[in-house]
Amino acid sequence: MSNKPSIPKGTRDFSPTEMVRRNYIFDTIKKVYKRYGFQQIETPAMENLDTLVGTGGEESDTLIFKVLPRGETLNKFINEINSTLQSANKIGDEITLDNFNPLITNHIVKKYVEQALRYDLTVPFARYVVQNQNDITFPFRRFQIQPVWRADRPQKGRYREFYQCDADIIGSDSLLNEVDLIKIIDDVFSELFQGKLNYTVSINNRKILQGIVESVGEQDKFEQIVVAIDKLDKIGKEGVIKEICQLGVSTEKAKKIATLTVVPGVRSSIKEELPNANNIELELGLLEALGEHIGSNPNGQKGIKELEFIFEKLKALGAKNIKFDPTLARGLGYYTGTIIEVKVDNFPSICGGGRYDDLTGKFGLKDVSGVGISFGADRIYDVLLDNDLYPEFKGDSTQVLFINFGEKEQDYCLPLLFQLREAGINSEIYPEAAKMKKQMTFANNKNIKYVVLVGSDEMQSGKLTVKNMESGEQESLTIDELIVLLKG
RNA sequence: GUGGUUGUAGCUCAGUUGGUUAGAGCACUGGUUUGUGGUGCCGGGUGUCGUGGGUUCGAGUCCCAUCUUCCACCCCA
């Protein structure tokens, strides 16, 4: 009791006001997902550790929250760590858990730790698909809105517990799926931002990046090079070249990679050539230009072709805010084709996604391609709050409060109260005959619009005194008249 | 995981070069008003100064550790 209660690092409570806003975001996304034919599923917070590891690259393994074993297994786990530490100390000096070889720790952890909290929704989904493959009709469109956990250090827009809103289409390699997903992004942000906030949907294709890296013969270092390219907007072209060189690639090759991806000024020169082009035509021009630069590398050309298809369709559908960004890479290891990211100024990405050709392979189901997106609800929440974009939410809380004058009056009010509730009006009665001022203040703090006062006069006449708390005006109404007032 | 930053009343924050009994606003509560709130006036309570050590005659203030907050890096929604 003496200690102040608290919650774990990077987690948050949500107040009633915050929940109304969060639900507004979830409901908007859900509504759009359903409109595109997606069906909802949920999976457990915990997965088996081996389901989660080894899919998101080495880095993400350290960000997974692992669940300690219980009982006898916990004892064995602790004993093995202890004895390994001791035997290591016999050989070398001063070995503690801090400087302990992480490979050995990991080995022991994997031996005893069975469960972990999910790190994203895509990997559990792949597991779900494989497990339920006989009951699923492919292509399967599912959406899933649930929290995920990452043992990351919290900072702006980054939490240890946060909600992802995923939509994936699995069992089809048609690029029409990409078109749908990008249109979904367009729909969701048009609705949430109401045209009052700029956002950019950046699109690229991993095959293009592959083509570029292959053209200099450094495909062994693909993952790392791609991470370096992704930092362009942060560290600049020179920074990217430097970082690629540090991977052991020659300066010449690094420069070539950078010039192929960076394509400075291309967008503006296309604009000069085609002054009347709309945005998407501009992007198509950029794609064509990059295609010429890349040359005949088959992967690169395939990537360009795929994006051209997508952009052509989006053009016909009048999608907005779409940009081709050849430097967009995204770290996640499992992406193989289209990659998508949505950004708003001064915020980390609020939505991301891409195509993965072999996520289910790990679980024994080969040759199933999928593509998906994920909205970061918590970041969207912060963006909407920062830009003051929440609509006013009315009628969500209590609309009518009955003031409690005492036992007799209370008995008289109770049936009336339930009449209102049956009519679908959110209402309550103050549960005790407290002072008037206290009851009125309660109504005021809860933003209750109407207060009903029933004393001896009202009980005799059957007319309730209804006070509008916004205008301060009062009128005498029967319960039926009050219902008409609130419903009509 | 690396670097920096923050912590004082329920909330937002003052608090001097270390020095008596740690302050303000908001909120809460009592009265003004025994059936009328949100704007008035008068009164009231509120603290292990994040936690644990240390320096000092004396620590909210200085030092160390630890936790937490926020920010950047890494990476990501």
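As the structure is a computational prediction, the values presented were derived from the model and not from experiment.
Using a 4.0 Å heavy-atom criterion, one finds that Ile350(A) contacts the sugar-phosphate atoms exclusively. Residue-level contact check: Cys165(A) touches neither bases nor backbone, having no heavy atom under 4.0 Å from any strand. At a threshold of 4.0 angstrom between heavy atoms, the contacts of Gly352(A) are confined to the sugar-phosphate backbone, with no base atom among them. Here Glu458(A) lies in heavy-atom contact (under 4.0 Å) with a base. Residue contacts for Lys231(A): at a heavy-atom cut-off of 4.0 Å it reaches the sugar-phosphate backbone alone, with no base atom in range. Using a 4.0 Å heavy-atom cutoff across all strands shown, Tyr159(A) reaches at least one base atom of the nucleic acid.
Sequence order on RNA chain B of the closest nucleotides to Asp457(A) and Cys351(A) puts Asp457(A) first from the 5' end. Mapping Lys234(A) and Ala151(A) onto RNA chain B by nearest heavy atom places Ala151(A) at the nucleotide closer to the 5' end.
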All N/O pairs under 3.5 Å across the protein-nucleotides 3-6 of chain B interface:
from  : atom 1 : to        : atom 2 : distance (Å)
G3(B) : O6     : Arg153(A) : NH1    : 3.2

Please list each protein N or O that sits under 3.5 Å from an N or O in nucleotides 26-33 of chain B, with the distance.
from   : atom 1 : to        : atom 2 : distance (Å)
C28(B) : OP1    : Asn445(A) : ND2    : 3.3
G31(B) : OP1    : Lys435(A) : NZ     : 2.6
G31(B) : OP2    : Lys435(A) : NZ     : 3.0
U32(B) : O4     : Lys437(A) : NZ     : 3.3

Output one line per pair: protein atom, nucleotide atom from nucleotides 65-69 of chain B, and distance, for all N/O pairs under 3.5 Å.
from   : atom 1 : to       : atom 2 : distance (Å)
U69(B) : OP1    : Gly10(A) : N      : 3.2

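Taking 3.5 Å as the limit, the base of U36(B) and the side chain of Gln439(A) contain no donor-acceptor pair of atoms between them. With hydrogens and angles ignored, no donor-acceptor pair under 3.5 angstrom links the side chain of Glu470(A) to the base of G37(B).
Comparing A77(B), G35(B), C76(B) by their nearest atom to the side chain of Met436(A) picks out G35(B). Here the nucleotide nearest the side chain of Val227(A), chosen from U36(B), C75(B), G35(B), is C75(B). Considering only the side chain of Lys156(A), A72(B) comes nearest among A77(B), U36(B), A72(B).
Residue Gln155(A) places at least one side-chain N or O under 4.0 Å from the OP1 or OP2 atom of A72(B).
Between Leu420(A) and Ser427(A), the shortest heavy-atom contact is CB-OG, 3.6 Å. The minimum heavy-atom distance linking Leu328(A) with Glu341(A) is given by the pair CD1-OE1, 3.5 Å.
When only modelled atom types and interatomic distance are considered, Asp168(A) and Tyr356(A) share a side-chain donor-acceptor pair under 3.5 Å. In summary, the side chains of Gln474(A) and Thr465(A) do not present any donor paired with an acceptor at a separation below 3.5 Å, with no hydrogens or angles considered. Judged purely by distance below 3.5 Å, without hydrogens or angles, the side chains of Asp166(A) and Ser374(A) pair a donor atom with an acceptor atom. Side-chain contact annotation: Gln144(A) with Thr43(A), donor-acceptor N/O pair under 3.5 Å present. Asn205(A) and Tyr335(A) are not linked by any side-chain donor-acceptor pair at a separation below 3.5 angstrom, with hydrogens and angles left out of the test.
Across C26(B) and U34(B), the matching P atoms stand 25 Å from one another, rounded to whole Å. Rounded to a whole angstrom, the distance from the C1' atom of U68(B) to that of U6(B) is 9 Å. On the C1' atoms, G3(B) is 30 Å away from A14(B), given to the nearest whole Å. The P atoms of U17(B) and G31(B) are separated by 46 Å, rounded to the nearest whole Å. The C1' atoms of U46(B) and A77(B) are separated by 41 Å, rounded to the nearest whole Å. On the C1' atoms, G10(B) is 38 Å away from C74(B), given to the nearest whole Å. Nucleotides G47(B) and C63(B) have their P atoms positioned 28 Å apart, rounded to a whole Å. Nucleotides A9(B) and G4(B) place their C1' atoms 29 Å apart, quoted to the nearest Å.
Rounded to whole Å, atom C1' of G37(B) lies 6 Å from atom NZ of Lys467(A). Summarising the geometry, the separation between CZ on Arg22(A) and C1' on A77(B) is reported as 12 Å, rounded to the nearest angstrom. Leu464(A) places its CG atom 18 Å from the P atom of G35(B), with the value rounded to the nearest Å. At whole-Å resolution of the value, CE in Met440(A) and C1' in U36(B) are 4 Å apart. The CG atom of Asn404(A) sits 13 Å away from the P atom of G35(B) (whole-angstrom rounding). Look at OH on Tyr334(A): it is 13 Å from C1' on C75(B), rounded to the nearest Å. Computed from coordinates, the Ile185(A) CD1 to A77(B) P distance equals 12 Å when rounded to whole Å. Rounded to an integer number of Å, the gap from CG of Asp382(A) to P of C71(B) is 9 Å.
In this structure, Glu409(A) has no salt bridge (charged side-chain N to carboxylate O under 4.0 Å, His left out) partners at least two apart in sequence or on a different chain. The salt bridge (charged side-chain N to carboxylate O under 4.0 Å, His left out) test applied to Glu191(A) returns Lys31(A), not counting sequence neighbours.
Distance check: Leu68(A) CG to Phe77(A) CZ gives 6.5 Å after rounding to the nearest 0.5 Å.
Under the 3.5 Å distance criterion, the side-chain polar atoms of Gln439(A) are matched with a main-chain donor or acceptor of Ala434(A).
In this structure, Asp457(A) does not pair ionically with Lys463(A), as no charged nitrogen and carboxylate oxygen lie closer than 4.0 Å. A salt bridge links Lys111(A) with Glu80(A): at least one charged nitrogen is closer than 4.0 Å to a carboxylate oxygen.
Shown here is Gln224(A), whose CD atom has more than 12 heavy atoms of other residues, nucleotides or ligands within 6.0 Å.
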>> side chain to side chain contact (heavy atoms under 4.5 Å, CB included), that's the test. Do Phe222(A) and Ile212(A) meet it? Break it down for me.
In response: CA-CA 10 Å; Phe222(A) 178 68; Ile212(A) 289 168; over 6 Å; no

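The stacking criteria are not both satisfied for Phe375(A) over the base of A77(B), which would need a centre-to-centre distance under 5.5 angstrom and an angle between ring planes under 30 degrees.
Relative to the ring axis of Phe418(A), Arg421(A) places its NZ or CZ within 45° and under 6.0 Å from the centre.
Between Arg160(A) and Phe65(A), the closest side-chain pair of non-hydrogen atoms falls below 4.5 Å.
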> Under a cut-off of 3.5 Å for both distances of each Watson-Crick or G-U pair, what dot-bracket string does RNA chain B give, using [ ] for crossing pairs and | for inter-strand pairs?
Replying inline: ((((..(..((((.....[...)))).(((((.......))))).....(((((..]....))))))..))))....

